[in-house]
Structure formats: structure tokens, C-alpha cells
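These notes concern the structure reproduced below.
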Amino acid sequence: MTPPAWALEGGASPPTPPPAWRAGLIAWYKGETIVEGTGPDAGRVVSWTDATDFHQDLDTVHPENKPFAGVDDIDGIPCVTFPLVFADG
């Protein structure tokens with residue numbers, strides 16, 4: 001299987017899809033729009049910007065539930081890992 005042209009050209013992400021593909025899309029979170037924390041929040045996602053015109057941006061309310069930002073070991077692309085949280089009872 002041949003990789004897409006954007007991957008061969010060294011691009012980190014695919015090009016913006018055409019408007020017809022995005023019809024009905026209400027949120028789109030790209031890896032390059034992850035905002036990582038600093039200090040005690042280093043390596044954690046503090047917010048994630050929505051790439052659509054709806055501005056459904058994400059942020060975390062509970063510090064212990066902040067996902068981890070990183071790079072995928074297989075493809076080397078940005079990724080987010082969510083902590084496993086158990087509910088009481």
C-alpha cells in the first residue's frame with residue numbers, strides 16, 4: 001500500500017479535508033492544536049482547540065483527570081492518553 005502524498009512529503013498531518021467531507025462535523029481536534037501545561041502540568045493537556053468554526057474547545061476541570069500529551073510510538077504523530085479513572089462504589 002502506498003502512503004498518501006502528504007505523508008511522503010514529510011507532512012505531519014493530512015491536508016484540511018474538503019468542505020463536503022466536513023458536512024455535519026461539529027468538532028475536530030487535531031494533534032497540533034493540543035496545548036500542554038507547564039510546571040506541575042508539564043506533559044498534560046490543559047486545553048485542546050477545536051478546528052471547526054463552532055469553537056467547541058476542550059479544557060479540564062479536575063487536574064487529576066488531565067490527559068497526557070505525547071507522540072505515538074508507531075507513527076510519530078501527536079497523541080493523547082487519557083488516565084484510567086475508577087468511580088467510587
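Remark: side-chain polar atoms of Asp59 are not paired, donor with acceptor, to backbone N or O of Val46 under 3.5 angstrom. Between the Arg44 side chain and the Lys66 main chain, a donor and an acceptor come within less than 3.5 Å of each other.
Going from atom OG1 of Thr52 over to atom CG of Asp57 covers 8.5 Å, rounded to the nearest 0.5 Å. Within the model, atoms CG of Leu58 and OG of Ser47 stand 8.5 Å from one another, a figure rounded to the nearest 0.5 Å. Taken to the nearest 0.5 Å, the CZ atom of Phe54 stands 8.0 Å off from the CG atom of Leu25. The OG1 atom of Thr49 lies 13.5 Å from the CH2 atom of Trp28; values are rounded to the nearest 0.5 Å.
Surrounding CG of Asp53 are at most 12 heavy atoms belonging to other residues, nucleotides or ligands under 6.0 Å away.
Considering every non-hydrogen atom in both Gly43 and Glu36, the closest pair reads CA-OE1, 3.6 Å. Between Ala69 and Ile34, the shortest heavy-atom contact is CB-CG2, 4.1 Å.
Remark: of the listed residues Thr60, Val35, Val80, Val80 is the sole one forming a side chain to side chain contact (heavy atoms under 4.5 Å, CB included) with Trp48.
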